[in-house]
Amino acid sequence: MSRYNARVVEPKWQVAWNEAGVFQAKRDTGREKYYVLEMFPYPSGRIHMGHVRNYTMGDVIARYKSATGFNVLHPMGWDAFGMPAENAAMASGGHPREWTYQNIADMRGQMKPLGLSIDWSREFATCDPEYYGQQQALFIDMLDAGLIYRKNAVVNWDPVDMTVLANEQVEQGRGWRSGALVERRELTQWFFRISDFAEELLAALDTLENWPEKVRLMQANWIGKSRGLEFAFERADKGEAINVYTTRPDTLMGASFVGISPDHPLARELERTNPDLAAFNIEARKGGTTEEAIETAEKLGFDTGLKVKHPLNADWELPVWVANFILMDYGTGAIFGCPAHDQRDLDFCRKYDLPVIDTFLALENPHPVEAEAFVPPKTDKVRWLDHFAGLDIATGQEAIDKTIRFAEKHGWGKGVTKYRLRDWGLSRQRYWGCPIPVVHCDSCGVVAEDKANLPVRLPDDVTFDRPGNPLDRHPSWRDAACPKCGKAAKRETDTMDTFVDSSWYFARFTAPHADTPTVLADAEYWMNVDQYIGGVEHAILHLLYARFFARAMNLTGHLPKSAVEPFSALFTQGMVTHETYATRGKDGRPVWRSPDEVIMDEKGATLRNTGETVEVGPIIKMSKSKKNVVDPEDIIDQYGADTARWFVMSDSPPERDVEWTASGAEAAWKHLQRIWRMAVEIEADNTPPNDADMELTRATHRTIADVTSGIEGFAFNKSVARLYEFTNVLAKSNAGAAAKKAAMLAMAQLLQPMVPHLAEEVWQHLGGKGLVAQAPWPRTDPTMLIDDNVTLPIQVNGKRRTEISVPRDMPKAEIEKLVLADEAVLKYLGGGQPKKLIVVPGRIVNVVT
RNA sequence: GCGGGCGUGAUGGAAUGGUAGACAUACCAGACUUAAAAUCUGUUGGGCCCUGUGCCCGUGUGGGUUCGACUCCCACCGCCCGCACCA
């Protein structure tokens, strides 16, 4: 019997597809298009199982849609700028460009054997000058359109390395390389006006019906629309009033202090004359810039000694504190604290011995606040104590609304809508990114580069042996002529956030080599992305930025209005996980071991070489640092691409994590071998037609229907399970050779999206016409899906006791008669009559006694 | 800290208001073999009486809605992800 040899078969079909140009996408307005896109990879140098899973999912969709008649676009590129290339250059002295392009070549070499239906003619990397030059053109157009501006923003500053750190380079408040305590420092940086689009980005979420609900919810929370009251506390010392914004103005009578950010103008003014406050602020500005770092840091305050007057009672004075947990970026950078109804404020007041005043109590079990703040949902009714707006019993929301109206009527405050969403800072003080195409001219100020001079290329002759940005210290790169006055000027040395690169690559794929950012005819035909697939870790930032960018590109004439929501459907897939293995080093710390170093047997896990005992750790995302990785290249070498593809589609639902196991990979391989053996047997079979044919034909149609709905519903694991079932049915069937052959051909078509090489081989072996990759998707005959008889389970009081088989269209009354005559039912009724008899036609019967 | 998600046999999971455990892994038993591998067949949620086509328990925990709950609601526990300069 011929064994299926993936190593020979897979390259053969890849060549065949290539020669037939099966996956080349061509604009054809006569055909309906379908654009499938997986989030493009960062070229780290090796593909991992997460990539295999991600791209196989996209490939299944692409191949399926193609089989159902769509003109499919399925491109691939590289998100190629970013810090790892610079880190590698610093660590080993190479050049980020060479490192990146070598990695791309390596990864492309690993991806091609997967047999993905990708149109490789559209491939590009974001670090190609051809790409980033067009990105610079977009920047200039957006700058002209007023979508970009400059302002100061806070960065992580490493005082020893004298460099800006990314959040991930800050470890426990210290620089990862120098170990120095990180400070927050302000720099002038470029920003996209994404917050101007907050309302639209929020409202349009409702139109994204084919996005996961959780992603829409996360984005809505991120945008963070709130309605609140803005008002001022007058200073007792007649200084400039302090503006505050609050979403809970109804708790104003419970205020016990006013808090301002260490970066608030008042705090900055006071620290000039108050060394203790200056010291407090310096301390407060230490630590990372992440929201998490700020929120989890110990809550500290400094009493400025200043007093403000309560807006409703001029005799009531509140102290002004500087507090390290108040962010200058939110609202006005100043708050009032109401400890009774906010846990953080309560902790703060207990710590600094400030009063706690209840403003409302629960209707049931009313008691004053002690250790825990009383924070009921805004929709709960509560009893108000001495409320200025004349409330007795009302919900928090009613009280908020009434308070805002009250404040507006009396002229001391006004209702405002605010968004948590901040403008998107795009400046990065790094080399390996898209240069921001502006020059700084002594006479003209900040001037955009002439589009004719694009791309502003990164210089190649740079070194990474010293800290800081190599562009800053390059001898000549900064020198430029001012595009406005022609005098000598200096280039901007900041580059763009890599999120900019990934905010429009999907549009570029529609015309990847055009000398404008996009070509409208192509964008109009191919956009939007019909199915976007990627990790849920991109649920907020990348997807929100891309949605903003599509709008900005529309406003600057680079995308049609119809493409402002660029991703019609989104799917977020889970991660690929693996057990972790570790031995103990001399210092007792774990030494991580890769799966191929470990042998598992009945004695447990041991090291292959030394026999040392290995601790089996938790199942977590495959990562280099924990060494729990399985290299797809090894799997492809050993079993072939189809096995890897089949495994990652099996078992786990695509949105959930999947655990890679050696036994699972082995099982996938065995199954594919089994299918090949069956195909060979069936080809040689000559059993005449017989009574078993109809049953097999019905099973075939049932399988076509189920596999199709599995793919349509992004439940590939269910499609796989149905194909396993169908294999078992076919193996046991006594049907004639013709019926079996038809069943096997249908199997090949159904397998094609998932294991395309095996499918081609089976298809060819059984005399299928042309390539199965180009064969139309099999159709189901609806009459084949309906069984004449159905099995009705019968429950007594909700517990299944027996079942009956009835014709599917039997009337309810007759079913009832049958049920009441049933022996088992009579036993449970014990001679009595049922209280109730529920018949759900075609599904179930429940007898209630 | 804030926001989001997940929780079902030994394991991955199926069932999304109607027979809990499809399909697969693992284990065990059998066939084939001198033997092993491969392949094929069968069993397997737990417990009880193993006497049947029998009974009880069972979807993280506790409560609720319903004729009926893995599924819907409330509270709690555990784990995972994101938090604006990682990509």
Side-chain angles (χ1 to χ4, degrees), chain A residues 39-42 44 79 81-84 87 153 155-156 164-170 189 194 212-215 217-218 220-222 224 289-297 299 325 329 343-344 420-430 497-499 501-502 535-542 544-545 572 574-575 577 618 620-621 650-653 655-659 661 663-664 666-668 670-671 673-674 677 715 717-718 720-725 727-728 731 791-803 823-824 834-838 840 843-849:
Chain A
M39 291 179 186
F40 66 164
Y42 179 79
S44 60
D79 191 11
F81 274 135
M83 293 205 311
N87 293 338
V155 295
N156 297 309
V164 175
L165 296 178
N167 284 333
E168 69 158 14
Q169 295 175 318
V170 179
Q189 310 206 50
I194 189 174
E213 188 60 39
K214 63 174 176 180
V215 174
L217 195 60
M218 280 194 243
N221 287 331
W222 188 259
T289 58
T290 68
E291 197 175 315
E292 185 193 4
I294 292 161
E295 289 289 323
T296 51
K299 308 293 182 285
F325 57 85
D329 289 326
Q343 191 61 47
R344 187 174 62 185
R420 203 182 78 101
L421 180 65
R422 314 200 293 254
D423 278 336
W424 168 16
L426 68 115
S427 300
R428 297 292 181 269
Q429 295 70 41
R430 305 187 199 291
D497 179 7
T498 56
F499 272 123
D501 312 336
S502 56
V536 72
E537 65 271 23
H538 296 290
I540 296 174
L541 292 181
H542 162 58
L544 193 62
Y545 290 158
T572 54
M575 298 174 302
T577 61
I620 55 171
K621 178 180 179 175
S650 306
D651 293 346
S652 285
E655 68 277 12
R656 244 193 271 179
D657 293 351
V658 62
E659 188 198 350
T661 58
S663 60
E666 179 83 17
K670 280 183 190 173
H671 182 71
Q673 289 289 339
R674 185 182 181 207
R677 279 197 310 274
N717 57 320
K718 292 187 212 170
V720 167
R722 293 291 84 81
L723 285 164
Y724 268 113
E725 252 173 3
T727 309
N728 291 337
T791 302
L792 279 186
I794 297 175
Q795 298 179 329
V796 179
N797 293 328
K799 278 187 203 289
R800 183 193 165 280
R801 296 300 179 183
T802 186
E803 63 186 32
E823 216 174 293
K835 276 202 195 114
K836 208 168 176 184
L837 190 57
I838 292 146
V840 185
R843 300 231 68 157
I844 205 164
V845 178
N846 194 8
V847 184
V848 186
T849 61

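Per chain, numbering begins at 1; letters A, B, ... match sequence-line order.
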> Answer with base, sugar-phosphate or nothing: what part of the nucleic acid does A:H671 contact at a heavy-atom distance below 4.0 Å?
nothing
> So A:G535, base contact, sugar-phosphate only, or nothing? Heavy-atom distance under 4.0 Å.
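Touches nothing.
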> Let's test your reading of the model: under 3.5 Å, does the base of B:C85 pair with the side chain of A:Q189 as donor and acceptor?
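Checked by distance alone, the answer is yes.
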> Closest to the A:E803 side chain: B:G13, B:U19, B:A87?
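That would be B:U19.
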> Quick one: label A:W424 by what it contacts on the DNA or RNA (base, sugar-phosphate, nothing), any heavy atom closer than 4.0 Å.
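No contact.
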> OH/A:Y724 to OG/A:S650 distance, rounded to the nearest 0.5 angstrom?
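Result: 5.0 Å between the selected atoms.
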> Give a yes/no on whether any side-chain N or O of A:N717 is located under 4.0 angstrom from OP1 or OP2 of B:G12.
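For A:N717, the contact criterion (side-chain N or O under 4.0 Å from OP1 or OP2 of B:G12) is not met.
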> Which nucleotide, B:C56, B:A22, B:C83, lies nearest any side-chain atom of A:R722?
B:A22
> Find the partner of B:C72: check Watson-Crick (N1-N3 plus N6-O4 or O6-N4) and G-U wobble (N1-O2, O6-N3) distances, both under 3.5 Å, and reply none if neither fits.
B:G64
> Over how many whole Å does the gap from A:D497 atom CG to B:C86 atom P extend?
8 Å
> Give A:F499 one of three labels, base, sugar-phosphate or nothing, depending on what nucleic acid heavy atoms sit under 4.0 Å from its own.
base
> When the C1' atoms of B:U65 and B:C77 are considered, how many whole Å apart are they?
23 Å
> Of all the nucleotides listed (B:G12, B:A84, B:U39), which has the minimum atom distance to the side chain of A:L421?
B:A84
> Starting the side chain at C-beta, find the nucleotide from B:C40, B:C86, B:C23 nearest to A:N728.
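For the A:N728 side chain, the nearest candidate turns out to be B:C23.
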> What does A:S502 touch in the nucleic acid at a heavy-atom separation under 4.0 angstrom: a base, only the sugar-phosphate, or nothing?
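Result for A:S502 = nothing.
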> Expressed in whole Å, how much space separates the P atoms belonging to B:C27 and B:C80?
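Roughly 29 Å separates the two P atoms.
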> Kindly point out which of B:A84, B:A87, B:C85 is positioned nearest to the side chain of A:E291?
B:A84
> With a 3.5 Å cut-off and heavy atoms only, can you find an N or O donor on one side and an acceptor on the other between the side chain of A:N221 and the base of B:G3?
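Checked by distance alone, the answer is no.
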> On RNA chain B, does the nearest nucleotide to A:E725 precede the nearest nucleotide to A:V155 from the 5' side, or the other way round? Give the residue.
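The residue closer to the strand's 5' end, by nearest nucleotide, is A:E725.
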> Respond yes when some side-chain nitrogen or oxygen of A:R656 is under 4.0 Å from OP1 or OP2 of B:A14, and no when none is.
yes
> Do the non-hydrogen side-chain atoms of A:Q795 and A:I844 ever get within less than 4.5 Å of each other?
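Result yes, sub-4.5 Å side-chain heavy-atom pair found.
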> Using the P atom as the point on both nucleotides, what is the distance between B:G9 and B:G46, in whole Å?
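Here B:G46 and B:G9 have their P atoms 12 Å from each other.
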> Mind checking who B:G1 pairs with, Watson-Crick or G-U wobble, both distances under 3.5 Å?
B:C83
> So what does A:N797 touch, heavy atoms closer than 4.0 Å: a base, only the sugar-phosphate, or nothing?
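No contact at all - A:N797 keeps every heavy atom at 4.0 Å or more from the nucleic acid.
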> Side chain of A:I838: nearest nucleotide among B:C67, B:A87, B:C56?
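In terms of side-chain proximity for A:I838, the closest of B:C67, B:A87, B:C56 is B:C67.
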> Given the P atoms of B:C86 and B:A15, what is the spacing between them in whole Å?
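Rounded to whole Å, the distance is 38 Å.
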> To the nearest 0.5 Å, what is the distance between OG1 on A:T572 and CE on A:M39?
8.0 Å
> Does B:A69 have OP1 or OP2 under 4.0 Å away from a side-chain N or O of A:K799?
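It does not, given that no N or O in the side chain of A:K799 lies less than 4.0 Å from OP1 or OP2 of B:A69.
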> Write down the distance between CD (A:Q673) and P (B:C40), rounded to a whole number of angstrom.
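Checked: the CD to P distance equals 11 Å.
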> Tell me what A:A667 touches on the nucleic acid: a base, only sugar-phosphate, or nothing, going by heavy atoms under 4.0 Å.
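It contacts sugar-phosphate atoms only.
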> Strictly below 4.0 Å: does A:R422 bring a side-chain N or O up to OP1 or OP2 of B:A84?
no
> May I ask you to check whether A:R674 and A:N728 show a side-chain donor-acceptor distance below 3.5 Å?
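There is such a pair between these side chains.
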> Check the distance between B:A15's C1' and A:I844's CD1 and give it to me in whole angstrom.
13 Å
> Can you work out whether A:K299 or A:T498 has the more 5'-proximal nearest nucleotide on RNA chain B?
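On the 5' side of the pair lies A:K299.
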> Tell me which nucleotide among B:C85, B:G82, B:A14 gets nearest to the side chain of A:P653.
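Of the candidates, B:A14 comes closest.
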> Using the P atoms only, state how far B:C23 lies from B:C76, rounded to an integer number of Å.
40 Å
> Would you indicate what A:G664 reaches in the nucleic acid, counting non-hydrogen atoms under 4.0 angstrom: base, sugar-phosphate, or nothing?
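Here A:G664 touches no strand at all.
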> Does B:A29 have a Watson-Crick or wobble partner in any strand here, with both distances under 3.5 angstrom, and which is it?
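Because both required distances fall under 3.5 Å, B:A29 counts as paired with B:U41.
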> Which label fits B:G9, syn or anti, where anti is any glycosidic angle not within 90° of 0?
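What B:G9 shows is a syn base, its glycosidic angle lying within 90° of 0.
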> For B:C74 versus B:C83, give the span between their P atoms, rounded off to a whole number of Å.
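Straight-line distance between the two P atoms is 28 Å.
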> Whole angstrom is fine here: how far is it from CZ in A:R428 over to C1' in B:C85?
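For the pair A:R428 CZ and B:C85 C1', the rounded distance is 4 Å.
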> Would you please confirm or rule out a distance under 4.0 Å between OP1 or OP2 of B:G3 and any side-chain N or O of A:R420?
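So the side-chain polar atoms of A:R420 never come under 4.0 Å of the phosphate oxygens OP1 or OP2 of B:G3.
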> Between B:A26 and B:A35, how many Å separate the two P atoms, rounded to a whole number?
24 Å
> OP1 or OP2 of B:U25 versus the side-chain N and O atoms of A:S663: is any pair under 4.0 Å?
no
> Do the side-chain N or O atoms of A:K718 get closer than 4.0 angstrom to the phosphate oxygens (OP1, OP2) of B:A15?
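For B:A15, OP1 or OP2 has a side-chain N or O of A:K718 closer than 4.0 Å.
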> Can you find an N or O donor on one side and an acceptor on the other, under 3.5 Å apart, linking the side chain of A:Q429 with the base of B:C85?
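It does, because a donor-acceptor pair links the side chain of A:Q429 to the base of B:C85 below 3.5 Å.
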> Under 4.0 Å, counting only non-hydrogen atoms across every strand here, what does A:L217 touch: a base, just sugar-phosphate, or nothing?
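If one applies the 4.0 Å heavy-atom cut-off, A:L217 turns out to touch the sugar-phosphate alone, with no base involved.
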> Distance check, rounded to the nearest 0.5 Å: A:M83 atom CE versus A:R428 atom CZ?
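Reported to 0.5 Å precision, the distance equals 9.5 Å.
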> Check whether any side-chain nitrogen or oxygen of A:K214 sits under 4.0 Å from OP1 or OP2 of B:G4, and answer yes or no.
no
> Which base, if any, makes a Watson-Crick or G-U wobble pair with B:G9, both distances under 3.5 Å?
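Per the H-bond distance test, none.
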> For the side chain of A:Y724, starting at C-beta, report the closest nucleotide among B:G4, B:C83, B:C23.
B:C23
> Is A:N846 touching bases, backbone alone, or none of the nucleic acid, heavy atoms closer than 4.0 Å?
base
> Rounded to whole Å, please give me the gap between CZ in A:R843 and C1' in B:C67.
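After rounding, the gap between these two atoms is 16 Å.
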> So, taking the atom named CD1 in A:I294 and the one named CZ in A:F325, what distance separates them when rounded to the nearest 0.5 Å?
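Taking CD1 in A:I294 and CZ in A:F325, the distance rounds to 12.5 Å.
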> When rounded to the nearest 0.5 angstrom, what distance separates CZ in A:R800 from CG in A:N846?
13.0 Å
> Among B:A20, B:C85, B:G12, which nucleotide sits nearest the side chain of A:Q795?
B:A20
> Side chain of A:E292, heavy atoms from C-beta onward: which of B:G1, B:G82, B:C40 has the nearest atom to it?
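Side chain of A:E292 sits closest to B:G1.
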> Side-chain contact, heavy-atom cut-off 4.5 Å: A:D501 with A:D79?
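Yes, at least one pair of side-chain atoms sits under 4.5 Å.
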> For the CD1 atom of A:I540 and the CG atom of A:N221, what is their distance to the nearest 0.5 Å?
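Output value for this atom pair is 8.0 Å.
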> Got A:T498 and A:Y42 here, is their nearest side-chain heavy-atom distance under 4.5 Å?
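Not in contact.
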> Using the C1' atom as the reference point in each nucleotide, state the distance between B:A31 and B:A37 in Å, no decimals.
16 Å
